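Just so it is clear, the model here is predicted, and its values are computed rather than measured. FYI, side chains are in, hydrogens and waters are out, and symmetry mates aren't considered; it's all heavy atoms of this structure.
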Amino acid sequence: MLPGSRLNDLGGHGAVERYGWNRTRTYAVGALALAALVAGCGGAAPEVPSGPPTGGAGSQSASRPPAPPRTDPATPAADAAVAVWTKWNLKPLPPAPAPPADKPLKLTATGAVPVFSEVPTSDKVVFVTLDDGAEKDPRFVEMLTDLKVPVSMFLTRDIVKNDYGYFKPLKALGNHIHNHTTDHPAMSTKPADVQKSEVCDAQSALTQQYGVAPMLFRPPYGDGAHTAALNTAVQQCGPRAIVLWRESMQIHDMQYQAADKKLKPGDIILAHFRGPKDLKGETMTQMFGELLSRIQEQGFAVARLEDYIKPPA
């Protein structure tokens with residue numbers, strides 16, 4: 001939002017004097033002088049009143065000088081927000097709406113866990129999720145601190161265990177940490193007991209490190225998401241839903257599952273903690289900036305996934 005101004009209604013009063021012959025004469029002479037001045041500046045001369053202004057003693061002046069411009073008090077904050085996005089060479093995203101009071105996804109404490117790749121909502125929002133945790137770029141923490149874009153993190157224990165602390169500032173921003181297995185296998189290739197240990201071992205480690213048990217689980221590559229064996233393992237270990245995605249971010253653009261290659265309200269987007277080694281020289285912040293640009297171009301806001309989910313009672 002660019003700096004703006006508006007006129008303020010002045011509360012001051014004009015000089016008060018009694019009307020009489022001198023008042024009438026002074027008024028007429030002053031009006032004629034004003035007419036001559038305007039005409040001399042190339043403007044049309046105003047109509048001159050034929051007599052003194054109406055009203056008795058103590059009446060307020062019939063006209064007031066224009067008020068000086070006043071800066072809208074909200075402008076500095078808006079300008080600062082734009083400046084923060086400009087710092088990262090980005091245009092601001094639309095603001096996300098308030099979280100719905102009636103959460104569209106309601107999780108149960110027991111039984112089979114649901115599998116979903118989008119959220120049923122008419123809000124023009126999408127949800128950004130980040131997997132694995134391989135890249136631990138300090139600039140990305142700075143970027144999210146500046147932009148306040150919500151993300152959901154699905155962390156793999158053996159990938160993040162060398163630096164659990166990196167993700168704590170991201171969590172402190174309100175971002176949730178979820179389960180993405182112990183060492184990132186294709187789950188359907190593993191026997192049931194191994195699938196269970198992949199989910200449970202990661203669940204225990206992430207709960208211990210971050211103080212909150214992950215509510216959601218994502219299988220690597222989405223593999224086995226709809227199988228009974230994986231659903232049972234997830235039930236036994238604690239997460240209450242399996243989360244997939246509708247789009248996946250590459251380096252400069254997204255891969256879409258929809259044929260029209262457009263975002264839809266409630267879509268879940270997959271991205272990764274990746275750096276130059278996997279992004280052909282691009283940094284994590286560059287990739288994430290490209291992701292936000294693709295979202296902004298389609299007029300979507302980014303909302304927090306967990307704000308649309310009701311946890312088990």
Side-chain angles (χ1 to χ4, degrees), residues 1 77-78 81-82 84-85 88 90-107 114-131 140-155 167 169-180 210 212 214-218 222 239-249 253-258 260-273 284-285 287-312:
M1 177 178 178
V82 171
V84 166
W85 286 83
W88 298 97
L90 297 169
K91 296 179 181 179
L93 291 174
D102 183 18
K103 311 299 183 186
L105 291 172
K106 299 174 176 64
L107 306 184
V115 181
F116 59 86
S117 54
E118 67 274 320
V119 173
T121 180
S122 60
D123 292 345
K124 196 170 183 181
V125 298
V126 293
F127 307 98
V128 175
T129 62
L130 293 169
D131 278 12
F140 182 66
V141 178
E142 179 186 351
M143 185 182 205
L144 284 201
T145 301
D146 284 348
L147 302 183
K148 307 294 189 296
V149 175
V151 299
S152 299
M153 298 176 281
F154 290 80
L155 302 183
F167 303 93
L170 296 174
K171 179 177 179 293
L173 294 172
N175 301 307
H176 293 240
I177 290 174
H178 301 292
N179 190 330
H180 194 43
Y210 300 111
V212 180
M215 179 174 64
L216 309 174
F217 173 79
R218 173 173 283 160
R240 292 308 306 160
I242 295 173
V243 181
L244 299 177
W245 59 89
R246 296 295 298 169
E247 293 83 25
S248 60
M249 184 63 191
D253 208 347
M254 288 186 284
Q255 289 183 345
Y256 296 83
Q257 294 179 21
D260 61 2
K261 297 186 177 182
K262 292 182 179 179
L263 296 171
K264 306 294 190 299
D267 277 2
I268 296 172
I269 301 172
L270 166 66
H272 292 83
F273 286 94
M284 175 82 183
T285 58
M287 178 275 293
F288 197 76
E290 293 279 6
L291 169 59
L292 297 180
S293 293
R294 303 294 84 75
I295 295 170
Q296 190 271 342
E297 288 165 0
Q298 297 188 49
F300 280 80
V302 175
R304 193 177 305 283
L305 176 61
E306 294 79 9
D307 286 346
Y308 285 68
I309 298 174
K310 183 178 180 181

Minimum heavy-atom distance between [X] and [Y], given as atom pair plus value:
X    : Y    : answer
L244 : R218 : O-NH2, 3.0 Å
P94  : G299 : CG-O, 3.9 Å
V302 : P150 : CG1-O, 3.5 Å
H272 : M287 : O-CE, 3.3 Å
P239 : F217 : CB-CB, 3.8 Å
P92  : Q296 : O-CG, 3.6 Å

Gap separating the [atom1] atom of [X] from the [atom2] atom of [Y], nearest 0.5 angstrom:
X    : Y    : atom1 : atom2 : answer
L292 : W88  : CG    : CH2   : 11.0 Å
E297 : L93  : CD    : CG    : 10.5 Å
I177 : L216 : CD1   : CG    : 12.5 Å
D267 : K262 : CG    : NZ    : 13.0 Å
M153 : K171 : CE    : NZ    : 8.5 Å
M254 : K261 : CE    : NZ    : 12.0 Å

Given the rule in the side-chain contact (heavy atoms from CB on, under 4.5 Å) test, do L130 and F167 qualify, once you have shown the distances and angles that lead to the verdict?
CA-CA 12 Å; L130 293 169; F167 303 93; over 6 Å; no
Quick one: salt bridge (charged side-chain N to carboxylate O under 4.0 Å, His left out) partners of E306, sequence neighbours excluded?
none
If you apply the rule side-chain contact (heavy atoms from CB on, under 4.5 Å), what do you find for V119 with L305, and how did you get there?
CA-CA 8 Å; V119 173; L305 176 61; 3.7 Å; yes
With [X], which residues qualify under side-chain contact (heavy atoms from CB on, under 4.5 Å), at least two apart?
X    : result
K106 : D102, K310
P97  : D123, V125, Y308
S248 : W245, Q250, Q255, L270
V84  : D146, L147

Please evaluate residues F288 and V128 with respect to the criterion side-chain contact (heavy atoms from CB on, under 4.5 Å), reporting the C-alpha separation (whole Å), side-chain torsions for both, the decisive distance (0.1 Å), and the verdict.
CA-CA 10 Å; F288 197 76; V128 175; 3.9 Å; yes
Of all residues at least two apart in sequence or in a different chain, which pass the side chain to side chain donor-acceptor pair (under 3.5 Å) check with [X]?
X    : value
D307 : none
S117 : none
R304 : N175
Q298 : Y256

Does K148 have more than 12 heavy atoms from other residues, nucleotides or ligands lying within 6.0 Å of its NZ?
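Above 12, so yes.
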For the residue pair V243 and F127, establish whether any side-chain heavy-atom pair is separated by less than 4.5 Å.
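Of all side-chain heavy-atom pairs linking F127 with V243, none is under 4.5 Å.
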With [X], which residues qualify under ring-ring contact (aromatic ring centres under 6.0 Å, His included), at least two apart?
X    : value
F300 : none
Y210 : none
F154 : H178

Kindly determine whether L90 and M143 satisfy side-chain contact (heavy atoms from CB on, under 4.5 Å), including the steps that lead there.
CA-CA 11 Å; L90 297 169; M143 185 182 205; 4.0 Å; yes
